Amino acid sequence: MVFGTLAPLTAPPTLIVTPTYNEKANLPILVNEVRRTVPYADVLIVDDNSPDGTGRIADAIAARDGHVRVLHRPSKLGLGSAYIEAFTQGLNKGYERFFEMDADLSHDVRYLPHFLDALDEGYDLVIGSRNIPGGRIEGWGAARHLISKGGSLYSRAILGLKVRDLTSGYKAFARRALEAIDLAGIQSNGYSFQIEMTYRALRRGMRVKEVPIVFVDRANGRSKMSSKIFLEAVGMVWKLRLDAMKGRF
């Protein structure tokens, strides 16, 4: 079965990437909803050898649907590297639009058309924002809110950015944005990956738009957030600022 079925002539080739690690309950629901909402888009599942069998479920979905492919990796290698590997493959295959989506159903597919509209308007990076009017988070406790909002505020202050939600993982990129960012030079792999991608895009003169989303906490499985990932982000923000001051990107 050939991956990359041609989209309608009016729709640029679109790739939706979702990294997975122990998401067997959520993945079939997500793929079904994505395929229903954007039927011409291709889905690339990046599975880091999930112990719960998510990879096998992904293979079964791909066997039934030519718009779905699975990239198997040998171990839990990190969110950032999953997206970089997937985006690099997508660029080589000629895709023009790329999405980041979590597999835990926190990213509602009903916003996908809003992202596509913004790309049609000429924006290079579209961010699903929880921190602008119309956006919010449901189901989190005080600690998670503090980490998310505090991380965005901290990063905005140090990097001098106006983007309100720097840690959002629900994004869409035009091809030109990924090419400008230089994926090979990305230094982050965890929580700070989202910050670095947006910062590099802005440093390269890309047009960025935030669209409001309602983010709902996962119903199944466990969050991948940890103190180690958060601390990586704290240090990485300063490194990004220093690298920019030295003209390294």
Side-chain angles (χ1 to χ4, degrees), residues 14-48 50 54 57-58 61 67-68 70-71 78-80 82-84 86-87 90 95 97-119 123 125-132 134-140 144-145 147-149 151-152 163-174 177-178 190-191 193-195 197-198 208-225 229:
T14 300
L15 181 65
I16 298 175
V17 179
T18 181
T20 57
Y21 188 79
N22 289 346
E23 297 288 358
K24 66 177 184 180
N26 298 319
L27 183 62
I29 300 171
L30 174 69
V31 174
N32 182 63
E33 292 183 351
V34 167
R35 295 286 295 114
R36 175 178 51 81
T37 306
V38 192
Y40 62 83
D42 291 329
V43 178
L44 177 56
I45 302 162
V46 186
D47 186 66
D48 277 3
S50 298
T54 299
I57 293 172
I61 296 171
H67 280 277
V68 180
V70 187
L71 171 60
L79 181 76
Y83 277 125
I84 289 171
F87 288 160
Y95 287 95
R97 293 178 171 182
F98 303 78
F99 280 81
E100 294 183 10
M101 283 191 78
D102 288 349
D104 61 8
L105 306 181
S106 294
H107 294 157
D108 196 318
V109 299
R110 65 188 166 115
Y111 299 114
L112 289 174
H114 300 180
F115 283 74
L116 292 167
D117 287 345
L119 292 174
Y123 287 95
L125 166 58
V126 187
I127 300 172
S129 180
R130 303 157 293 184
N131 299 336
I132 62 174
R136 66 182 186 276
I137 298 172
E138 296 180 351
W140 276 8
R144 290 288 302 279
H145 276 286
I147 290 173
S148 178
K149 290 188 179 294
S152 275
V163 173
R164 297 288 299 276
D165 195 343
L166 283 174
T167 61
S168 173
Y170 197 4
K171 292 179 175 175
F173 297 86
L178 293 183
Y191 188 67
F193 172 77
Q194 304 298 352
I195 301 168
M197 289 289 282
T198 298
V208 178
K209 180 176 183 177
E210 292 184 88
V211 297
I213 64 167
V214 176
F215 178 99
V216 181
D217 195 21
R218 62 163 59 239
N220 299 301
R222 299 176 59 185
S223 170
K224 312 303 188 297
M225 174 59 70
I229 292 174

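Hydrogens, waters and symmetry mates play no part in the numbers below; they use all other heavy atoms, side chains included. Since the structure is predicted, the reported quantities are computational estimates derived from the model, not experimental observations.
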Problem set entry | Shortest non-hydrogen contact from Gly139 toward Asp217 | O-OD2, 3.5 Å
Exercise. Are the side chain of Thr14 and the backbone N or O of Arg97 linked by a donor-acceptor pair below 3.5 Å?
Worked result: no
Seminar exercise, completed: Residues Ala172 and Phe115: closest non-hydrogen pair is CB-CD2, 3.6 Å
For this session: Please report the C-alpha distance between Leu105 and Leu30 in whole Å, then the side-chain angles of each, then the deciding distance to 0.1 Å, and finally whether the side-chain contact (heavy atoms from CB on, under 4.5 Å) criterion is met.
Result: CA-CA 6 Å; Leu105 306 181; Leu30 174 69; 3.8 Å; yes
Exercise. If you look at every heavy atom in Val214 and Tyr111, which pair is closest and at what distance?
Worked result: N-OH, 3.0 Å
Problem set entry | Distance-only side-chain donor-acceptor flag, Asn131 / Ser129, under 3.5 Å | no
Exercise. Would you say Phe87 and Leu15 make side-chain contact, with heavy atoms under 4.5 Å?
Worked result: no
Exercise. Checking Thr54 side chain against Glu23 main chain: does a donor-acceptor pair fall under 3.5 Å?
Worked result: yes
For this session: Before giving the answer on side-chain contact (heavy atoms from CB on, under 4.5 Å), spell out for Phe173 and Phe99 the whole-Å C-alpha distance, their side-chain angles and the decisive distance to 0.1 Å.
Result: CA-CA 6 Å; Phe173 297 86; Phe99 280 81; over 6 Å; no
Exercise. Does a side-chain heavy-atom distance below 4.5 Å link Val34 with Met101?
Worked result: yes
Exercise. Do Glu138 and Arg136 pass the salt bridge (charged side-chain N to carboxylate O under 4.0 Å, His left out) test, and can you show the C-alpha distance, the side-chain angles, and the key distance before you say yes or no?
Worked result: CA-CA 7 Å; Glu138 296 180 351; Arg136 66 182 186 276; 2.9 Å; yes
Exercise. Looking at Asn26 and Asp104, what are the two nearest heavy atoms and their distance?
Worked result: ND2-CA, 3.7 Å
For this session: Please state whether the rings of Trp140 and Phe215 are parallel, tilted or perpendicular, taking 30° and 60° as the class boundaries.
Result: perpendicular
Exercise. How many angstroms lie between CG in Asp42 and CD1 in Ile16, if you round to the nearest 0.5 Å?
Worked result: 9.0 Å
Problem set entry | Distance in Å, Asp47 CG paired with Lys24 NZ, rounded so as to fall on 0.5 Å steps | 12.5 Å
Seminar exercise, completed: Given the options Glu100, Gln194, His107, Lys171 meets side chain to side chain donor-acceptor pair (under 3.5 Å) only with Gln194
Exercise. For the atom pair CD1 (Ile57) and OG (Ser50), what is the distance rounded to the nearest 0.5 Å?
Worked result: 9.0 Å
Problem set entry | Check: Asn32 and Ile29 side chains under 4.5 Å, non-hydrogen atoms | no
For this session: Heavy atoms only: give me the nearest Asp108-Tyr170 pair and the separation to one decimal.
Result: O-OH, 2.8 Å
Exercise. Between the main-chain N or O of Arg130 and the side-chain N or O of Asp165, is there a donor-acceptor pair closer than 3.5 Å?
Worked result: yes
Exercise. side-chain contact (heavy atoms from CB on, under 4.5 Å) between Leu71 and Leu44: does it pass, once the steps are laid out?
Worked result: CA-CA 7 Å; Leu71 171 60; Leu44 177 56; 4.1 Å; yes
Exercise. Do Thr20 and Asp48 come close enough that some side-chain heavy atom pair is under 4.5 Å?
Worked result: no
Exercise. Heavy-atom distance under 4.5 Å between the side chains of Pro113 and Thr37, does that happen here?
Worked result: yes
Exercise. Given side chains that start at C-beta, do those of Val68 and Ile45 come closer than 4.5 Å, heavy atoms only?
Worked result: yes
For this session: Report the C-alpha distance between Asp102 and Thr18 in whole Å, list the side-chain angles of each, state the deciding distance to 0.1 Å, and finish with yes or no for side-chain contact (heavy atoms from CB on, under 4.5 Å).
Result: CA-CA 6 Å; Asp102 288 349; Thr18 181; 5.8 Å; no
Exercise. Quick one: side-chain contact (heavy atoms from CB on, under 4.5 Å) partners of Lys209, sequence neighbours excluded?
Worked result: Ala118, Glu121, Tyr123, Val211
Exercise. Looking only at heavy atoms, which two atoms of Gly134 and Pro212 are closest? And how far apart?
Worked result: C-CB, 3.6 Å
Problem set entry | Under 3.5 Å: donor-acceptor pair, side chain of Tyr40, backbone of Arg35 | no
For this session: Measure the shortest side-chain to side-chain distance between Ile127 and Arg164 over non-hydrogen atoms and say whether it is less than 4.5 angstrom.
Result: no
